[in-house]
There are 2 protein chains.
Amino acid sequence: MDHPDTDDVCAGRVRDKEATRQRILDSARELFTSEGYAQVSSRRIAAHAGVNVALINRYFGAKRGLLAEIIANEAVFPGIVEGDPATLPRRLAEYIVHHTLGGGSLLQRALEQSAGDPDLWSIHQERLENAVVQPLADSLDGHDTRVRASLAVSLMLGIGLLRRLEVVTSLAEYGSADLVERLTRIIEACLAETSPEA
Amino acid sequence: MDHPDTDDVCAGRVRDKEATRQRILDSARELFTSEGYAQVSSRRIAAHAGVNVALINRYFGAKRGLLAEIIANEAVFPGIVEGDPATLPRRLAEYIVHHTLGGGSLLQRALEQSAGDPDLWSIHQERLENAVVQPLADSLDGHDTRVRASLAVSLMLGIGLLRRLEVVTSLAEYGSADLVERLTRIIEACLAETSPEA
DNA sequence: CTTGACAAGTCAACACTGTTTACTTATACC
DNA sequence: GGTATAAGTAAACAGTGTTGACTTGTCAAG
């Protein structure tokens, strides 16, 4: 039940640096997506790509370099922050329900799954900062945009984390429409410029 | 700069199963807390406890057994759900600001740091379910208590996760009082029985 | 006091990980 | 055609968690 798929006739192949690099990258993305970063070994990626293990470190420095390059090319919010700011919370809520609760993006899975490895922190740090928090903060008006954006992102990440642990089957069972409604209210509270007094 | 501290005269020690077990447990808790589960090897725990590596597997089945036992004896909400339900959101907000944003509990750190290892999922799953989500849900009135509790827990976990990645320096820099106020509103939205229409 | 038995503790090995070094081999240019 | 150089490889290194066979200490029975 293993996958020795070398994708091609393995020995008789022209030597093409760029093509080999891409093949490793594709294999890594596929395996990381389906099994998670920590669960896929360098040797398995190499075998899947029909390539020697040492090439991973030759072309990407280390295993973490693979993840870094994959994540860097992954879209996060596909055009959610653009559009009417008034309905931004609802769009984010729908994104959570339809993407984070189901499958979830590679970025998110990778983030949650590798949050324990300090080696990978800097990767996620930069990516979250530049591709998630900052764009969201920029789409807001008023003061404390960074804080408000961070709170909303926290919620999204936390839901994904709980979901991954399969603790919140209740969320999955809950009606989609109702959940979107609830999340919209919560995200509005996260993004609110001034917290209304009790 | 290493720690060969065997804690005692290493060779001339009486053979006491329970004492040895406890010493391993204490060493593991100390190291896991300060460096994280994945970063501490079995051999280092054994050396720190002045004990042979094999005893870890003998007494705890595997490394994950150590974490399971440590987490099981760790208090999560020290009596937060008890008390006036009206001010529960504020108490949770204060807990987040003073514990999650600062250091964070061992449970939380362990959860975030080991969320990538499927071997550990079941541990956190059970613990989160029984010691966090369920008690919080039980303290709520009305319908959908599980969903509402899960949403609040998601927020708490997400904030801890972002904090760990040091993305949200903005949250740490933000005034404590203001942050508590903001979080109180958000948690109220999470725990609200019926989401108020826009 | 001596002798077993059994538990407590040890050692060496296993299969695996990511990474590196020295090596071979194919390609492209003169 | 010969050769420099890049592409690709094999083998080893140090590390991980885990396991089974082994030694050794302790304590009760004869």
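Below, read A as the first sequence line, B as the second, and so on, with proteins coming before strands; counting in each chain starts at 1.
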* To do: May I ask you to say whether B/Glu69 pairs ionically with B/Arg21, meaning some side-chain N is under 4.0 Å from a carboxylate O?
  => yes
* Asked: Between A/Arg148 (side chain) and A/His143 (backbone), is there a donor-acceptor pair under 3.5 Å?
  -> yes
* Expressed in angstrom and rounded to an integer, what is the separation of B/Arg58 atom CZ from C/dA8 atom C1'? -> 6 Å
* To do: May I have the distance from B/Lys17 (atom NZ) to C/dG9 (atom P), rounded to whole angstrom?
  => 9 Å
* **Nucleotide C/dT17, atom C1' - distance to CZ of A/Arg64 in whole Å** => 17 Å
* Structure fact -> Scanning both residues in full, the closest heavy-atom pair of A/Gly142 with A/Glu193 reads CA-OE2, 3.0 Å
* Carboxylate-amine/guanidinium proximity below 4.0 Å for B/Asp26 and B/Arg23 -> no
* To do: Give a yes or no on whether a salt bridge exists between B/Arg90 and B/Glu188, defined as a side-chain N under 4.0 angstrom from a carboxylate O.
  => no
* **Salt-bridge contact A/Glu74-A/Arg127 (side-chain N to carboxylate O under 4.0 Å)** => no
* To do: Would you kindly compare B/Ala54 and B/Arg15 by the position of their nearest DNA chain C nucleotide and give the one closer to the 5′ end?
  => B/Arg15
* Atom-pair distance (CG on A/Leu55; P on C/dG18), nearest Å -> 15 Å
* Of all the choices, D/dT16, C/dC11, D/dA10, which nucleotide is nearest to the side chain of B/Ser41 once you look at every atom? -> D/dT16
* To do: Write down the distance between CZ (A/Phe60) and P (D/dG8), rounded to a whole number of angstrom.
  => 12 Å
* **Side-chain donor or acceptor of B/Arg182 paired with backbone N/O of A/Ala192 under 3.5 Å** => yes
* To do: Specify the separation, in whole Å, of atom CD1 of A/Ile56 and atom C1' of D/dT9.
  => 14 Å
* Can you tell me if the side-chain N/O atoms of B/Tyr59 get under 4.0 Å from OP1 or OP2 in C/dA8? -> no
* Take the protein atom CZ of A/Arg21 and the nucleotide atom P of D/dA6, then report the distance between them rounded to whole Å. => 17 Å
* Asked: Does OP1 or OP2 of D/dG8 have a side-chain N or O of A/Thr20 closer than 4.0 Å?
  -> yes
* To do: Rounded off to whole Å, could you give me the NZ-to-C1' distance for the B/Lys63 and C/dC16 pair?
  => 15 Å
* To do: Note the angle between the end axes of the helix from C/dC1-D/dG30 to C/dC30-D/dG1, five pairs defining each, rounded to 10 degrees.
  => 30°
* Polar side-chain contact B/Arg43-D/dG15 base: donor and acceptor under 3.5 Å -> no
* OP1 or OP2 of D/dT18 less than 4.0 angstrom from a side-chain nitrogen or oxygen of B/Asn57, does that happen here? -> yes
* Which nucleotide sits closest to the side chain of B/Asn52: C/dT10, C/dT19, D/dA7? -> C/dT10
* **Residue closer to the 5' end of DNA chain C, B/Val53 versus B/Glu18 (nearest nucleotide)** => B/Glu18
